[in-house]
Amino acid sequence: MPRIRITAGAVSLEGVLADTACGRAIAGALPLERPASLWGEEIYFDVGVEAELDETAAEVVEAGALGYWPTGRALCLFFGPTPASRGDEIRPASAVCVVGRLEGDLTPLETVRDGDPVRVELAG
């Protein structure tokens with residue numbers, strides 16, 4: 001499981017990518033930097049990878065999940081409810097492949113703004 005560092009605006013977090021075909025494809029596309037898009041308490045951005053839903057596909061995820069959204073070819077950082085959520089659940093716009101997990105305190109992600117640069121790279 002490759003370790004990654006994500007820097008979004010002034011926030012820096014580490015995490016891991018899953019050892020799945022999609023997780024490996026994303027790792028192979030690193031490093032990358034893209035503008036953040038926001039959807040509720042989700043940050044997403046195009047990673048230039050094309051993959052289909054796999055056995056990790058989920059319509060509801062946990063805080064800290066890293067998801068790959070095939071519709072937008074996007075990596076999604078989930079840290080709270082989205083406009084599609086019901087109650088406190090975290091629901092993507094449509095199913096995502098769960099490709100990893102963020103570590104540590106996710107609260108600082110609330111400070112990231114639409115258009116802030118997001119850099120994803122392999123960690124040491």
Side-chain angles (χ1 to χ4, degrees):
M1 297 192 309
R3 294 195 56 75
I4 58 170
R5 180 175 302 104
I6 299 176
T7 305
V11 179
S12 185
L13 293 172
E14 290 200 3
V16 292
L17 287 174
D19 187 17
T20 62
C22 190
R24 289 188 299 272
I26 291 169
L30 301 180
L32 61 83
E33 188 169 313
R34 303 282 193 274
S37 295
L38 303 178
W39 196 58
E41 293 184 22
E42 171 190 336
I43 299 167
Y44 67 98
F45 46 92
D46 186 307
V47 291
V49 169
E50 292 199 29
E52 301 294 324
L53 290 174
D54 62 18
E55 68 279 357
T56 70
E59 293 185 1
V60 175
V61 298
E62 295 181 10
L66 294 172
Y68 172 79
W69 183 44
T71 304
R73 296 183 347 157
L75 184 63
C76 308
L77 288 60
F78 296 101
F79 58 99
T82 69
S85 295
R86 300 177 194 137
D88 291 336
E89 72 180 10
I90 301 174
R91 182 177 290 272
S94 57
V96 297
C97 296
V98 178
V99 295
R101 176 144 206 81
L102 292 169
E103 299 171 339
D105 182 11
L106 304 176
T107 308
L109 291 173
E110 296 172 6
T111 66
V112 176
R113 298 292 168 241
D114 201 55
D116 280 353
V118 180
R119 180 168 175 79
V120 185
E121 58 195 336
L122 294 173

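In this text, all values refer to a predicted model and were calculated from it rather than measured experimentally.
Two residues are said to be in side-chain contact when any heavy atoms from C-beta on lie closer than 4.5 Å; Arg91 and Val60 meet this criterion. A heavy-atom distance below 4.5 Å is not found between the side chains of Pro70 and Glu52. In this structure, Glu103 and Arg3 have side chains that are in contact, with non-hydrogen atoms separated by less than 4.5 Å. With a 4.5 Å cut-off on side-chain heavy atoms, Ser37 and Asp114 count as touching.
When every heavy atom of Ala58 is checked against every heavy atom of Val61, the shortest pair comes out as CB-CG1, 4.1 Å. For Ala93 against Trp39, the heavy-atom pair with the smallest separation is N-CZ3, 3.3 Å. Across Gly67 and Val99, no two heavy atoms sit closer than the pair C-CG2, 4.1 Å. The nearest pair of heavy atoms linking Trp69 to Ala95 is CD1-O, 3.9 Å. Scanning both residues, Gly72 and Asp46, for their nearest heavy atoms gives O-OD2, 3.9 Å. Closest heavy-atom contact between Pro2 and Leu122: CB-CD2, 4.0 Å.
With hydrophobic clusters built from ILVMFWY side chains whose heavy atoms lie under 4.5 angstrom apart, Phe45 shares a cluster with Leu38. Phe79 and Ile90 fall into different hydrophobic clusters, where Ile, Leu, Val, Met, Phe, Trp and Tyr side chains are chained together by heavy-atom contacts under 4.5 Å. A single hydrophobic cluster is seen to contain both Leu106 and Leu66, as judged by linkage of ILVMFWY side chains at heavy-atom distances under 4.5 Å, directly or through other members. Val16 is not connected to Ile4 by any chain of hydrophobic side-chain contacts under 4.5 Å among Ile, Leu, Val, Met, Phe, Trp and Tyr, and they are in different clusters. Cluster annotation: Leu32 is connected to Tyr68 through the hydrophobic network of ILVMFWY side chains, with a link wherever side-chain heavy atoms come within less than 4.5 Å.
A 6.0 Å sphere centred on CD of Glu50 holds no more than 12 heavy atoms belonging to other residues, nucleotides or ligands. Within 6.0 Å of atom CD in Glu89, more than 12 heavy atoms from other residues, nucleotides or ligands are found, so the atom counts as buried in its surroundings. At most 12 non-hydrogen atoms from other residues, nucleotides or ligands lie less than 6.0 angstrom from CD of Glu59. Atom CG of Asp88 is surrounded by 12 or fewer heavy atoms from other residues, nucleotides or ligands within 6.0 Å.
Here the CG-CD1 distance, from Leu77 to Ile6, works out to 4.5 Å after rounding to the nearest 0.5 Å. Taking CD from Glu33 and OG1 from Thr7, the interatomic distance works out to 8.5 Å, rounded to the nearest 0.5 Å. Rounding to the nearest 0.5 angstrom, the gap separating the CZ atom in Arg119 from the OG atom in Ser12 is 11.0 Å. The structure places OG1 of Thr20 at 11.0 Å from CE of Met1, a figure rounded to the nearest 0.5 Å. The CG atom of Asp116 sits 8.5 Å away from atom CD1 of Ile43, with the distance rounded to the nearest 0.5 Å.
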